[in-house]
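Everything numeric in this text was worked out from a predicted model, so none of it was measured. Chain letters run A, B, ... following the sequence lines, proteins first and then strands; every chain starts at 1.
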Amino acid sequence: MSEIVRTRYAPSPTGDPHVGNIRTALFAWALARATGGKFLLRIEDTDRNRLVPGSVDTIFESLRWLGIEWDEGPDVGGPHAPYVQSERLPLYRQAADDLIARGRAYRCFCTAERLDQMRAAQAAAKQPPGYDGHCREIPHAVSAERAASEPHTIRFKMRREGVTVLDDLIRGRVTFENALQDDFVALKSDGYPTYHLALIVDDTAMQITHAIRGEEWISSAPKHLQLYEALGLEPTKFAHLPLIMGPDHKKLSKRTGDTALLDYRKNGYLPEAMINFLALLGWSLDATTSIVSVDDLTRSFSLERVVPNPAVFDIDRLNFLNGHYIRQIAPHAWVSTVTRWAERTAPDDVARPLDPAMLAKAAPLLQERVARLDEIGPQAAFLFGYEAPEYEPTALVEKIGGPLNGALPILDAALAALDALPGEGWTKDAIEAAIRGMEATLGQKLRKFVSVLYVAAEGKPTGLPLFDSLELLGRERSLQRLRTARAKAEHAA
RNA sequence: GGCGCGUUCGUCUAGUGGCCCAGGACGCCGCCCUUUCAAGGCGGAGAUCAGGGGUUCGAAUCCCCUACGCGCUACCA
């Protein structure tokens, strides 16, 4: 019989989920979806010192943004509820007691101070760090008695002979020397379990089949394997995903840029792009596909196609994908996206509310020009003021070169040509014809002199197409901006 | 330091003994299109497959060694 795949994402509520964690969630979710299995969400809040209020909501929000939905979890419940570890304490206690009863764990009364001294001594003597087994041989009766009055942890007795073998789904067989292991804390003195114990208890209770996690966990795999064995439980399969690294080839961190997933939403990235990007950080559909939809991922994902080597987070690639998906957005939906983002990201001196008709007309022009949604406001801003955004007079000749007064004949010709257009004839085509007519009067190709008009109209030599822009601006504002440019050129020259 | 993982164009990757003097994508460069910028189309440069030994008729693909990178080494996850 083939088992039903059950995977989980088990974050700690210690802050905003980072892209690395979310990539892990994405893969776990994709595996469940691709195999017709279940994906669950479990909150691992066993470290009371590091709890950050609001984290759980941010975790929900992050997953939802990408469309990663869970079949069981803290909010939706499920057959193995609760899905929050702090609400499952009796289970861990029971497992810890069971371990003691089986002779595989013992109470440890060592204080933090003694542990620090021990480590310092080991470091000084160039010994490998690790618990020295100080409390391992305390007679059970003594231990039980002291437990009533002394704070203590429960340590797991690692087997010290032989090897522990992990058959990793991504890396193959990994062997660990047991002699190098030490007895780790399974239940802390505050009664909360450590990650190690909680993992085994919950993955077993929740019938998880595949533990998918980052490579930073591979070193503690022997602890988990031995814990399963000591408790007489069948271990899950393990898949250790490669790490995601920053441009500096170090594990991605705040230092190297944005890492919180939701920062990408704030910065104008699309969830489709994020998923596509993250999916390809370690996994591939085939030899040539680089555009991967959510459907492709949830239909075709497999751990066999996950590589073991770490991947550098390449923002250029993300930007490319984001631009690609932006261009896929249907016209109507794009208009509302443009409206939302223009309101949010246009410069503060641009009056609100923005003109909806203007936005609707500018939308298609923007669609093929932005890679991120937060570029919409700045790019469209020039459409909403009476005058063009502030610019230095020299910008007028930035592209054509030469002295500032070289802009004068161009502006004069434009003024003459456009002023001749009647208000009702102020259309893109008529504007284009008028400006192209300047080629004859100036004896210059259009491309040689348009940049001056771009600056006059938009405040910079590049931007939305000139003829469309002038039409949108209307006759009055267009002519005014040309006059302003002329004045600037004249006075500064 | 110890242990573990990893190592194919700058980056993400394809590749599981001959189809590879290594394919795709991003980025970069050039051309085309063109009112700027983009988008799009076409083309180009770019990897002696980390290095060295083997195994084999034949290796990016198998084995060993070395180097380098990263991760872990808590009553954190």
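- Rounded to a whole angstrom, the distance from the P atom of B:rC28 to that of B:rG10 is 16 Å.
- Separating the CG atom of A:L187 from the C1' atom of B:rA77 is a distance of 16 Å, rounded to the nearest angstrom.
- Taking side-chain N and O atoms only, A:R119 has a distance below 4.0 Å to OP1 or OP2 of B:rC75.
- With both ends at atom P, the span from B:rC21 to B:rC63 equals 23 Å, rounded to whole Å.
- Atom NZ of A:K460 has more than 12 heavy atoms from other residues, nucleotides or ligands within 6.0 Å.
- If you take atom P in B:rU11 and the same atom in B:rG27, they sit 16 Å apart, rounded to whole Å.
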- Along nucleotides 64-72 of chain B, 5' to 3', which nucleotides get a B, which get an S, and which get a -, given that the test is a protein heavy-atom distance under 4.0 Å? ------SBS
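- For the pair A:R42 and A:Y9, the NZ or CZ position fails the cation-pi test of under 6.0 Å to the six-membered ring centre and within 45 degrees of the ring normal.
- A donor and an acceptor atom never sit less than 3.5 Å apart when one is taken from the side chain of A:R171 and the other from the base of B:rC5.
- One atom, CD of A:Q367, and another, P of B:rG40, lie 12 Å apart when rounded to the nearest Å.
- Across every strand in view, B:rG10 sits in a pair with B:rC26 that passes the Watson-Crick or G-U test at under 3.5 angstrom.
- Note: A:Y195 and A:W217 have parallel aromatic rings, judged against thresholds of 30 and 60 degrees for the angle between ring planes.
- A salt bridge links A:D167 with A:R173: at least one charged nitrogen is closer than 4.0 Å to a carboxylate oxygen.
- One finds a salt bridge joining A:R372 and A:D374 here, because a Lys/Arg side-chain nitrogen approaches an Asp/Glu carboxylate oxygen to under 4.0 Å.
- Checking the phosphate oxygens (OP1, OP2) of B:rU34, no side-chain nitrogen or oxygen of A:R447 falls inside 4.0 Å.
- Using a 4.0 Å heavy-atom distance criterion, A:S189 is classed as a base contact.
- Nucleic acid contact class of A:C110 (heavy atoms, under 4.0 Å, all strands): base.
- No more than 12 heavy-atom neighbours from other residues, nucleotides or ligands sit within 6.0 angstrom of CD on A:E390.
- When heavy atoms are screened at a 4.0 angstrom cut-off, A:S290 is found touching the sugar-phosphate backbone but no base atom.
- By the neighbour-count criterion of 12 heavy atoms within 6.0 Å, atom CD of A:E150 is densely surrounded, having more than that number from other residues, nucleotides or ligands.
- The minimum heavy-atom distance between A:A456 and A:L396, with the atom names listed, is N-CD2, 4.1 Å.
- The side chain of A:K399 contributes an N or O atom lying less than 4.0 Å from OP1 or OP2 of B:rC37.
- Ring-plane geometry between A:F238 and A:Y228 is classed as perpendicular, the angle between the planes exceeding 60 degrees on a 0 to 90 degree scale with a lower cut at 30.
- Within the shown strands, nothing qualifies as a pairing partner of B:rC33 under the Watson-Crick or G-U definition with both distances less than 3.5 Å.
- Rounded to whole angstrom, the span from the OH atom of A:Y192 across to the C1' atom of B:rA77 amounts to 15 Å.
- Take the nearest nucleotide of RNA chain B for A:T289 and for A:T194: the residue whose nucleotide is more 5' is A:T289.
- Within the nucleic acid shown, A:G323 has no heavy atom closer than 4.0 Å to any nucleic acid atom.
- Separation of the A:H196 and A:F184 ring centroids falls under the 6.0 Å cut-off.
- Of the residues in residues 47-54 of chain A, those with a non-hydrogen atom less than 4.0 angstrom from any atom of RNA chain B are A:D47, A:R50.
- Looking at heavy-atom distances under 4.0 Å, A:L466 makes contact with a base.
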Could you pull out the protein-nucleic contacts involving nucleotides 44-50 of chain B (nitrogen or oxygen on both sides, under 3.5 Å)?
none

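- Within the 4.0 angstrom heavy-atom criterion, base atoms lie near A:P129.
- Distances shorter than 4.0 Å separate some side-chain N or O of A:K188 from OP1 or OP2 on B:rC76.
- A 3.5 Å limit on both hydrogen-bonding distances identifies no Watson-Crick or G-U partner for B:rA59.
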- Task: Report the C-alpha distance between A:Y92 and A:Q85 in whole Å, list the side-chain angles of each, state the deciding distance to 0.1 Å, and finish with yes or no for side chain to side chain contact (heavy atoms under 4.5 Å, CB included).
- Result: CA-CA 9 Å; A:Y92 312 123; A:Q85 291 187 327; 3.2 Å; yes
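- A cation-pi arrangement, defined by a distance under 6.0 Å to the six-membered ring centre and an angle within 45 degrees of its axis, is absent between A:R305 and A:F301.
- Tested against A:D183 for a salt bridge (Lys or Arg N to Asp or Glu O under 4.0 Å), the candidates A:K157, A:R155, A:R136, A:R104 yield a single pass: A:R136.
- Residue A:V307 is classed as a sugar-phosphate contact, given heavy-atom separations below 4.0 Å to backbone atoms only.
- Nearest-nucleotide positions on RNA chain B place A:D316 closer to the 5' end than the other of A:D182 and A:D316.
- Distance A:D168 CG to B:rC5 P: 10 Å, rounded to the nearest Å.
- Between B:rC65 and B:rA45, the distance separating the two C1' atoms is 36 Å to the nearest Å.
- Ring geometry for A:F313 versus A:F277: interplanar angle over 60°, hence perpendicular rather than tilted (30 to 60°).
- One interatomic measurement links the two molecules: CZ of A:R173 to C1' of B:rC5, which rounds to 17 Å at whole-angstrom precision.
- Atom CZ in A:F320 sits about 20 Å away from atom P in B:rG10, given to the nearest Å.
- Distance CG (A:D45) to C1' (B:rC75): 16 Å, rounded to an integer number of Å.
- Look at B:rG69: its Watson-Crick or wobble partner, with both distances under 3.5 angstrom, is B:rC5.
- Of the charged side-chain nitrogens involved, none lies within less than 4.0 Å of a carboxylate oxygen, so that A:K488 and A:E392 do not count as a salt-bridged pair.
- Within 4.0 Å of A:P193, counting heavy atoms only, lie sugar-phosphate atoms of the nucleic acid but no base atom.
- Nucleotides B:rG71 and B:rC29, compared at atom C1', are 38 Å apart to the nearest Å.
- The partner of B:rA39, taking Watson-Crick or G-U wobble pairs whose two distances both stay under 3.5 Å, does not exist in any strand shown.
- Counting non-hydrogen atoms under 4.0 angstrom, A:F467 reaches a base of the nucleic acid.
- The partner of B:rC20, taking Watson-Crick or G-U wobble pairs whose two distances both stay under 3.5 Å, does not exist in any strand shown.
- Minimum interatomic distance between A:E458 and A:P389 (heavy atoms only, all atoms of both residues): O-CD, 3.6 Å.
- Regarding contacts with the backbone of B:rA77, every side-chain N or O of A:R42 stays at 4.0 angstrom or more from both OP1 and OP2.
- Among the atoms of the strands shown, none is found under 4.0 Å from any heavy atom of A:R114.
- In this structure, the CZ atom of A:F277 is 9 Å from the C1' atom of B:rU11, given to the nearest Å.
- OP1 and OP2 of B:rA14 both lie 4.0 Å or more from every side-chain N or O belonging to A:T288.
- By the side-chain contact (heavy atoms from CB on, under 4.5 Å) test, A:D182 pairs with A:Y131, sequence neighbours left out.
- Separation of the C1' atoms belonging to B:rA60 and B:rC9 is 14 Å when rounded to the nearest angstrom.
- Residues from residues 146-164 of chain A that place a heavy atom under 4.0 Å from any atom of RNA chain B, listed by number: A:T153, A:R155.
- Every side chain to side chain donor-acceptor pair (under 3.5 Å) that A:R114 has, sequence neighbours left out, goes to A:D132.
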